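Values below: all heavy atoms of this structure, side chains included; hydrogens, waters and symmetry mates excluded. Just so you know, these numbers come straight off a predicted model, no measurement behind them.
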Amino acid sequence: MSHRDPFLKAHLLKYAGCGSGKVSYLSNTICGKIIGMIGSRILAEEVARIKKSGIYGVSIDSSLEVMHRDQLGMKFRYLEGYEPVEKFVTFLPNVGYKGIEMFDALESFLEDNSIYLKDCRCQTYDNASNMSGKFNGLQALVKKRNRLARWIPCFAHSLNLVGTNAMNCSLESKKFFCLMKNMYVFFILTPTERYDLLIEKLKENLPFEISRILVPKRVYPTRWSSLNDSVLSVNQGYKGYQSALSELSPSNDEAIGLSE
């Protein structure tokens, strides 16, 4: 921020690194409070815009943050004049995965910010049963309170389920992607020596026309694109993978299994 704010730049030049006992307003505690104040102000502005619109749509999904704690991301869709907008509003601590638990979290947020559930006109989630369930899913619980809150399932997630289920119909496909998953676990989620060896071998066998290597990717069963990423990595670096596994095979039975 100091690159764009002369006052903050001058403050940093004068007080940054001056040590304890000096009032600089640059400590972790103060910076955390400032960030919290900025977040509260942004939230208040977004809530005001939603209220001004009169009606809105809501989208919720869980997501892992950097510390691997699950949380609920909440977005709202509404009109500013005649223009439709979509804004991320907040993260909520994930209170559970049941439809009723997510409904309670949504209702609590709306009540705390004086946003009325009766003004909701659409709700969009993925097709997981806790979201889409016709009796106890989140969408059903919202519709019990507001029949005008039409549920629109995520088309990207629906297409992903088609691909995933099609793959699961083939035993060979299931075996192949199980191999991709095991390759990621073997090289990434284990001692760094294996990863370092793989990177070395991938660089040695990198085709001339390709400028960067692709490392093993995690396979997410509900994210079809992750399967594509894992295949691209192995396809491009096939010789590198072979070379790394061959070097590890004499002392590692798992490497022998993967190489075969």
Peer 1: Does the side chain of Met74 reach to within under 4.5 Å of the side chain of Leu92, using non-hydrogen atoms?
Peer 2: yes

Peer 1: Any side-chain to backbone donor/acceptor pair from Ser53 onto Leu79? Under 3.5 Å, distance only.
Peer 2: yes

Peer 1: Quick one: are Leu117 and Phe103 in side-chain contact, heavy atoms under 4.5 Å?
Peer 2: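 The answer is yes, as the side chains (C-beta and beyond) meet within the 4.5 Å cut-off.
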
Peer 1: Surrounding OH of Tyr15 (heavy atoms of other residues, nucleotides or ligands, distance under 6.0 Å), is the total greater than 12?
Peer 2: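 No, not enclosed.
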
Peer 1: Should Tyr56 and Leu110 count as side-chain neighbours, where that means a heavy-atom distance under 4.5 Å?
Peer 2: yes

Peer 1: Any donor and acceptor pair, going by atom type alone, linking the side chain of Ser249 with main-chain N or O of Leu245 inside 3.5 Å?
Peer 2: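 Pair found, side chain donor or acceptor close to backbone of Leu245.
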
Peer 1: Listing request: all salt bridge (charged side-chain N to carboxylate O under 4.0 Å, His left out) pairs with a residue in residues 244-254, at least two apart in sequence or in separate chains.
Peer 2: Lys201-Glu247

Peer 1: Checking Glu83 side chain against Glu80 main chain: does a donor-acceptor pair fall under 3.5 Å?
Peer 2: no

Peer 1: Cation-pi between Arg194 and Phe186: NZ/CZ under 6.0 Å from ring centre and within 45° of the ring axis?
Peer 2: yes

Peer 1: Determine, step by step, whether Thr164 and Phe177 satisfy the side chain to side chain contact (heavy atoms under 4.5 Å, CB included) criterion, reporting the C-alpha distance in whole Å, the side-chain angles of both residues, the deciding distance to 0.1 Å, and the verdict.
Peer 2: CA-CA 11 Å; Thr164 301; Phe177 286 112; over 6 Å; no

Peer 1: Are Tyr97 and Phe91 linked, directly or through intermediate hydrophobic residues, by side-chain heavy-atom contacts shorter than 4.5 Å (ILVMFWY only)?
Peer 2: no

Peer 1: Does the side chain of Leu206 reach to within under 4.5 Å of the side chain of Gln236, using non-hydrogen atoms?
Peer 2: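 The answer is yes, as the side chains (C-beta and beyond) meet within the 4.5 Å cut-off.
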
Peer 1: Return the CH2 to NZ distance between Trp151 and Lys134, rounded to the nearest 0.5 Å.
Peer 2: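 Rounded to the nearest 0.5 Å, the CH2-NZ separation comes to 11.0 Å.
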
Peer 1: Can you find a pair of side-chain heavy atoms, one from Leu227 and one from Met167, that are under 4.5 Å apart?
Peer 2: yes

Peer 1: Any chance the side chains of Tyr241 and Ser233 put a donor and an acceptor closer than 3.5 Å?
Peer 2: yes

Peer 1: For Tyr116, I'd like to know if atom OH has over 12 heavy atoms of other residues, nucleotides or ligands within 6.0 Å.
Peer 2: no

Peer 1: Main chain of Ile152, side chain of Gln123: is a donor-acceptor contact present, judged purely on distance under 3.5 Å?
Peer 2: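 The answer is no, because no donor-acceptor pair under 3.5 Å joins these two groups.
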
Peer 1: First locate atom CG of Leu138, then atom CG of Asp104, and finally report the distance between them rounded to the nearest 0.5 Å.
Peer 2: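 Here the rounded value is 10.0 Å.
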
Peer 1: Testing the basics here: between Ser246 and Pro250, what is the closest heavy-atom pair and its distance to 0.1 Å?
Peer 2: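 Scanning both residues, the minimum pair turns out to be O-CD, 3.3 Å.
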
Peer 1: Mind checking whether Ile199 and Leu214 sit in one hydrophobic cluster, side chains of I, L, V, M, F, W, Y counted as touching below 4.5 Å?
Peer 2: no

Peer 1: With distance as the sole test, does Ser108 use its side chain to make a donor-acceptor pair with the main-chain N or O of Ala105 at under 3.5 Å?
Peer 2: no

Peer 1: Answer yes or no: is there a donor N or O on one side and an acceptor on the other, between the side chain of Ser243 and the main chain of Gly240, under 3.5 Å?
Peer 2: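 Flag not set: sc Ser243 to bb Gly240 has no pair under 3.5 Å.
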
Peer 1: Tell me whether Ser59 contacts the main-chain N or O of Thr124 through its side chain, where contact means a donor paired with an acceptor under 3.5 Å.
Peer 2: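 Judged by distance alone, yes, a pair lies under 3.5 Å.
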
Peer 1: Check the pair Asn127 / Met131 against side chain to side chain contact (heavy atoms under 4.5 Å, CB included), numbers first and verdict last.
Peer 2: CA-CA 6 Å; Asn127 289 279; Met131 298 287 197; over 6 Å; no

Peer 1: List the atom of Val234, the atom of Met180, and the distance in Å for their closest heavy-atom pair.
Peer 2: CG2-SD, 3.7 Å

Peer 1: Taking Arg121 for its side chain and Lys118 for its backbone only, find out whether a donor-acceptor pair lies under 3.5 Å.
Peer 2: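 Checked: pair present.
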
Peer 1: Take atom CG of Asn28 as the centre, draw a 6.0 Å sphere, and report whether it contains more than 12 heavy atoms from other residues, nucleotides or ligands.
Peer 2: no

Peer 1: I'd like to know whether NZ of Lys181 has more than 12 heavy-atom contacts from other residues, nucleotides or ligands below 6.0 angstrom.
Peer 2: no

Peer 1: What's the spacing between Asn113 CG and Ile50 CD1 if we round to 0.5 Å?
Peer 2: 8.0 Å

Peer 1: Is the number of heavy atoms from other residues, nucleotides or ligands within 6.0 Å of NZ (Lys75) greater than 12?
Peer 2: no

Peer 1: Do Leu161 and His157 have side chains that get closer than 4.5 Å, going by heavy atoms?
Peer 2: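 Result yes, sub-4.5 Å side-chain heavy-atom pair found.
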
Peer 1: In Å and rounded to the nearest 0.5 Å, what is the CG to CD1 distance from Asn136 to Ile100?
Peer 2: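 Interatomic distance, Asn136 CG to Ile100 CD1, rounded to 0.5 Å: 8.0 Å.
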
Peer 1: Once the angle between the rings of Phe7 and His11 is folded into 0 to 90°, is it parallel (under 30°), tilted (30 to 60°) or perpendicular (over 60°)?
Peer 2: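 Judged by the thresholds at 30° and 60°, the geometry between Phe7 and His11 is parallel.
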
Peer 1: Does Gln242 form a side chain to side chain contact (heavy atoms under 4.5 Å, CB included) with Asn205? I'd like the steps, not just the answer.
Peer 2: CA-CA 10 Å; Gln242 275 190 322; Asn205 295 274; over 6 Å; no

Peer 1: Decide side chain to side chain contact (heavy atoms under 4.5 Å, CB included) for Ile30 and Leu26; before the verdict, give the C-alpha distance in whole Å, the side-chain angles of both, and the deciding distance to 0.1 Å.
Peer 2: CA-CA 6 Å; Ile30 294 298; Leu26 296 174; over 6 Å; no

Peer 1: Closest heavy-atom contact between Phe187 and Tyr195?
Peer 2: O-CB, 3.3 Å

Peer 1: Measure the SG-OH distance between Cys154 and Tyr125 for me, rounded to the nearest 0.5 Å.
Peer 2: 13.0 Å

Peer 1: Could you check whether any side-chain heavy atom of Thr29 comes within less than 4.5 Å of a side-chain heavy atom of Lys33, counting everything from C-beta outward?
Peer 2: yes

Peer 1: Nearest 0.5 Å, what's the CD1-CD1 distance between Ile42 and Ile38?
Peer 2: 7.0 Å

Peer 1: Is there a continuous path of hydrophobic side-chain contacts, each under 4.5 Å between heavy atoms, that joins Val142 to Val95?
Peer 2: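 Cluster IDs for Val142 and Val95 differ.
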
Peer 1: I'd like to know if Leu189 and Val215 are part of one continuous hydrophobic network [Ile/Leu/Val/Met/Phe/Trp/Tyr, side-chain heavy atoms within less than 4.5 Å].
Peer 2: yes

Peer 1: Assigning hydrophobic clusters by single linkage (Ile, Leu, Val, Met, Phe, Trp, Tyr; side-chain heavy-atom cutoff under 4.5 Å), is Ile60 placed with Ile55?
Peer 2: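 No: no chain of side-chain contacts under 4.5 Å links Ile60 to Ile55.
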
Peer 1: Flag the pair Ile34 / Tyr25 as yes when at least one side-chain heavy-atom distance between them is below 4.5 Å, and no otherwise.
Peer 2: no

Peer 1: Look only at the side chain of Glu46 and the backbone of Val89, and say whether a donor-acceptor pair between them is shorter than 3.5 Å.
Peer 2: no

